[in-house]
A.B. asks: 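Handing you a structure now.
FYI, the numbering just counts along the sequence from 1.
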Amino acid sequence: MSQQLWLRCEKKEFERRSALTPTTAKKLIDAGFEITVERDEQRIFDDSEFEAVGCKLVANNSWPSAATYVPIIGLKELPASNDPLPHTHIQFAHCYKKQAGWSSVLARFHKGGGTLYDLEFLTDATAAGALALAAQRKGETLGRLEPYGDEAAMVNHAAGRVVKALVIGALGRCGRGAVDLFRKIGLDEDDIVKWDMAETAPGGPFQEILDVDIFVNCIYLSSYIPPFLTKEQITAAGSSRKLSVVVDVSCDTTNPFNPIPIYNINTTFSDPTGLPALSVVSIDHLPTLLPREASEQFSSDLLPSLLELPHRQSARVWTDAEVLFKKNLAEAVEAEGL
């Protein structure tokens, strides 16, 4: 029997990316998969692009009617609900680091008997730099954002700024993307401060963050670390503070270990900045600023794992993900008193 995979629509507002693209869908079909794609006007790829490579199109948000043995793939988390989840879901769920509501998310899988393969643990970023530069206008509020048609359009829009930026997590995938963008728009190398684990090892808070125009946080947070920046630091700096924009790509807003505890809500594409005295961008799906290219890159990176899906009972990428799911599920069951 062919391996089936169902691409669901995205319900998060402004999310235009896709976990599968026509390119990766065709490669999966060529490998013997049957790909079902929900129609989705919000998705950056036209439905006809998927149909042209052999995908079966079905109604928007119809995945609950799929046979329970068919894995459902998406990008962002499902809308909040108490409905049981009997399917296998492949997605970012944002519930393994004890984020707000984590146990109720996992409780849905317990009630339905389904499985979660969290994309964050199977394995976004240039957009961070562009957004930081757009926000870096002291005294102005960054208005509603619209995705760029391609990277060239974004680079052209951001080019010409004279700023100094600090990227923490500069050696990781997101950090490298931010650094690359700053280079493309013409910043001198001396004006791109690149930090990673070695530089943050002494522990924060760090005065150096206040001494740049833009701070981009791209770290992967798994446990407590001293905060990089605090409200008290910002207040004490007063008018001597150079920092005007913080872009928190990591977006560990509700994580109890959040290393940037200067805000407590995620911002959105319709209202991208928070804190009047300091522009804080904390959009938890920032790569959708470049939806087509971000989708192609992510889906291409995910493809080797998806090709192993027919062997998920033995393929390590999937068995490890299931072990992690069961561990967190057990903790959620206890937390929910189920």
Side-chain angles (χ1 to χ4, degrees), residues 5-21 24 36-47 50 58-64 66 71-83 85 87-97 99-102 104-106 108-109 114 116-128 130-131 142-148 174 247-255 263-274 280-299 301-302:
L5 188 60
W6 185 298
L7 176 64
R8 63 170 172 83
C9 63
E10 297 293 332
K11 286 300 183 183
K12 190 177 184 72
E13 189 178 15
F14 296 106
E15 183 55 80
R16 301 194 66 200
R17 293 173 300 162
S18 177
L20 297 182
T21 71
T24 52
T36 300
V37 175
E38 293 183 356
R39 297 181 184 276
D40 190 359
E41 292 184 358
Q42 182 172 290
R43 189 186 293 129
I44 187 63
F45 302 100
D46 291 338
D47 296 336
F50 285 101
V58 295
N60 184 279
N61 204 37
S62 58
W63 63 265
I72 312 298
I73 187 170
L75 269 182
K76 300 302 289 184
E77 65 273 15
L78 294 167
S81 169
N82 292 319
D83 293 343
L85 293 172
H87 293 88
T88 292
H89 285 265
I90 304 169
Q91 64 184 47
F92 287 103
H94 307 296
C95 61
Y96 283 2
K97 300 179 187 175
Q99 296 98 321
W102 70 277
S104 61
V105 171
L106 288 167
R108 298 179 64 188
F109 289 93
L116 170 65
Y117 292 125
D118 196 310
L119 287 168
E120 182 176 355
F121 300 91
L122 287 183
T123 39
D124 256 279
T126 301
L131 193 50
L142 183 61
R144 178 188 174 100
L145 297 172
E146 297 292 344
Y148 293 97
C174 292
V247 177
D248 190 5
V249 181
S250 301
C251 258
D252 287 300
T253 315
T254 63
N255 191 314
Y263 71 99
N264 56 15
I265 59 169
N266 285 341
T267 60
T268 64
F269 274 76
S270 59
D271 188 14
T273 57
V280 176
V281 180
S282 57
I283 299 173
D284 66 0
H285 57 139
L286 192 55
T288 203
L289 200 62
L290 273 180
R292 183 173 288 269
E293 287 162 301
S295 297
E296 291 287 10
Q297 180 178 340
F298 178 81
S299 192
D301 290 346
L302 182 61

A.B. asks: Within the distance-only criterion (no hydrogens, no angle test), does the side chain of Thr24 pair as donor or acceptor with the backbone N or O of Ser299 below 3.5 angstrom?
C.D. replies: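 No.
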
A.B. asks: Could you tell me which non-hydrogen atom of Asp118 sits nearest to which non-hydrogen atom of Ala93, and how far apart they are?
C.D. replies: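 Smallest heavy-atom distance, with atoms named: OD2-N, 3.3 Å.
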
A.B. asks: Going by the rule side chain to side chain donor-acceptor pair (under 3.5 Å), which residues pair with Glu38 if we only count those two or more places apart in sequence or in a different chain?
C.D. replies: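 Glu38 satisfies side chain to side chain donor-acceptor pair (under 3.5 Å) with Trp6 once adjacent residues are dropped.
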
A.B. asks: Is it the case that Ser18 and Thr21 place a side-chain donor and acceptor less than 3.5 Å from each other?
C.D. replies: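 No donor-acceptor contact under 3.5 Å links the two side chains.
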
A.B. asks: Please tell me whether Phe92 and Phe121 form a close aromatic pair, meaning their ring centres lie under 6.0 Å apart.
C.D. replies: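 No.
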
A.B. asks: Could you report the tightest heavy-atom contact between Ala59 and Ser62, atom names first, then the distance?
C.D. replies: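 Looking at all heavy atoms of both residues, the closest pair is O-OG, 2.7 Å.
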
A.B. asks: Step by step, work out the side-chain contact (heavy atoms from CB on, under 4.5 Å) result for Ile72 and Leu5.
C.D. replies: CA-CA 6 Å; Ile72 312 298; Leu5 188 60; over 6 Å; no

A.B. asks: Walk me through it: do Leu302 and Leu119 pass the test side-chain contact (heavy atoms from CB on, under 4.5 Å)?
C.D. replies: CA-CA 9 Å; Leu302 182 61; Leu119 287 168; 3.8 Å; yes

A.B. asks: Less than 4.0 angstrom from a charged side-chain N to a carboxylate O is my criterion; do Glu13 and Lys11 meet it?
C.D. replies: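 The answer is no: the pair does not qualify as a salt bridge.
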
A.B. asks: Is there a side-chain contact between Phe14 and Leu289 in this structure, where contact means two heavy atoms from C-beta onward sitting under 4.5 Å apart?
C.D. replies: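 No, too far: nothing below the 4.5 Å cut-off.
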
A.B. asks: Just how far is it from atom CH2 of Trp102 to atom NZ of Lys97, taken to the nearest 0.5 Å?
C.D. replies: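 That separation rounds to 14.5 Å.
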
A.B. asks: Report the residues that fulfil ring pair (Phe, Tyr, Trp, His ring centres under 6.0 Å) with Tyr117, sequence neighbours left out, ordered by chain and then residue number.
C.D. replies: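 Tyr117 satisfies ring pair (Phe, Tyr, Trp, His ring centres under 6.0 Å) with Trp318 only.
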
A.B. asks: What are the two closest heavy atoms between His89 and Leu78, and how far apart are they?
C.D. replies: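 So the minimum-distance heavy-atom pair works out to CE1-CD1, 3.9 Å.
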
A.B. asks: May I have the step-by-step check of side-chain contact (heavy atoms from CB on, under 4.5 Å) for Val58 and Trp63, ending in yes or no?
C.D. replies: CA-CA 9 Å; Val58 295; Trp63 63 265; over 6 Å; no

A.B. asks: By salt bridge (charged side-chain N to carboxylate O under 4.0 Å, His left out), which residues pair with Arg108, not counting sequence neighbours?
C.D. replies: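 Here no residue qualifies.
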
A.B. asks: Who pairs with Asp47 by salt bridge (charged side-chain N to carboxylate O under 4.0 Å, His left out), at least two apart in sequence or on another chain?
C.D. replies: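 Per chain and number, Asp47 pairs via salt bridge (charged side-chain N to carboxylate O under 4.0 Å, His left out) with Arg43.
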
A.B. asks: Go through the structure and list residues passing side chain to side chain donor-acceptor pair (under 3.5 Å) with Gln99, not counting sequence neighbours.
C.D. replies: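 For Gln99 there are no side chain to side chain donor-acceptor pair (under 3.5 Å) partners, ignoring immediate neighbours.
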
A.B. asks: Go through the steps to decide whether Phe298 and Leu75 satisfy the test side-chain contact (heavy atoms from CB on, under 4.5 Å), and finish with yes or no.
C.D. replies: CA-CA 10 Å; Phe298 178 81; Leu75 269 182; 3.7 Å; yes

A.B. asks: Quick check for you: to the nearest 0.5 Å, what is the distance between Leu7 atom CG and Leu20 atom CG?
C.D. replies: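 If I round to the nearest 0.5 Å, the distance is 5.0 Å.
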
A.B. asks: Please report the interatomic distance SG(Cys251) to OH(Tyr263), rounded to the nearest 0.5 Å.
C.D. replies: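 Atom-to-atom, Cys251:SG and Tyr263:OH are 5.0 Å apart.
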
A.B. asks: Output yes when a side-chain donor or acceptor of Glu77 lies under 3.5 Å from a complementary backbone atom of Gln91, and no otherwise.
C.D. replies: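 Checked: no pair found.
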
A.B. asks: Are any of the side-chain nitrogens in Glu15 or Arg17 under 4.0 Å away from the carboxylate oxygens of its partner?
C.D. replies: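 A salt bridge links Glu15 with Arg17.
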
A.B. asks: So how far is it from Asp301 CG to Glu296 CD, rounded to the nearest 0.5 Å?
C.D. replies: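 CD of Glu296 is found 11.0 Å from CG of Asp301.
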
A.B. asks: The criterion is ring pair (Phe, Tyr, Trp, His ring centres under 6.0 Å); which residues satisfy it with Phe45, sequence neighbours excluded?
C.D. replies: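 By the ring pair (Phe, Tyr, Trp, His ring centres under 6.0 Å) rule, Phe45 matches no residue at all.
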
A.B. asks: Compare every heavy atom of Glu10 with every heavy atom of Lys76, then report the nearest pair and how far apart it is.
C.D. replies: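 Residues Lys76 and Glu10, closest heavy atoms: N-OE1, 3.1 Å.
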
A.B. asks: Are the side chain of Ser295 and the backbone of Pro291 linked by a donor-acceptor contact shorter than 3.5 Å?
C.D. replies: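 Flag set: sc Ser295 to bb Pro291 pair under 3.5 Å.
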
A.B. asks: When rounded to the nearest 0.5 angstrom, what is the spacing between CG in Asn255 and NE2 in His94?
C.D. replies: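 Going from CG on Asn255 over to NE2 on His94, the span is 12.0 Å.
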
A.B. asks: Give, for atom CG of Leu85 and atom CG of Leu116, the distance between the pair rounded to the nearest 0.5 Å.
C.D. replies: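 So the CG of Leu85 and the CG of Leu116 are separated by 9.0 Å.
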
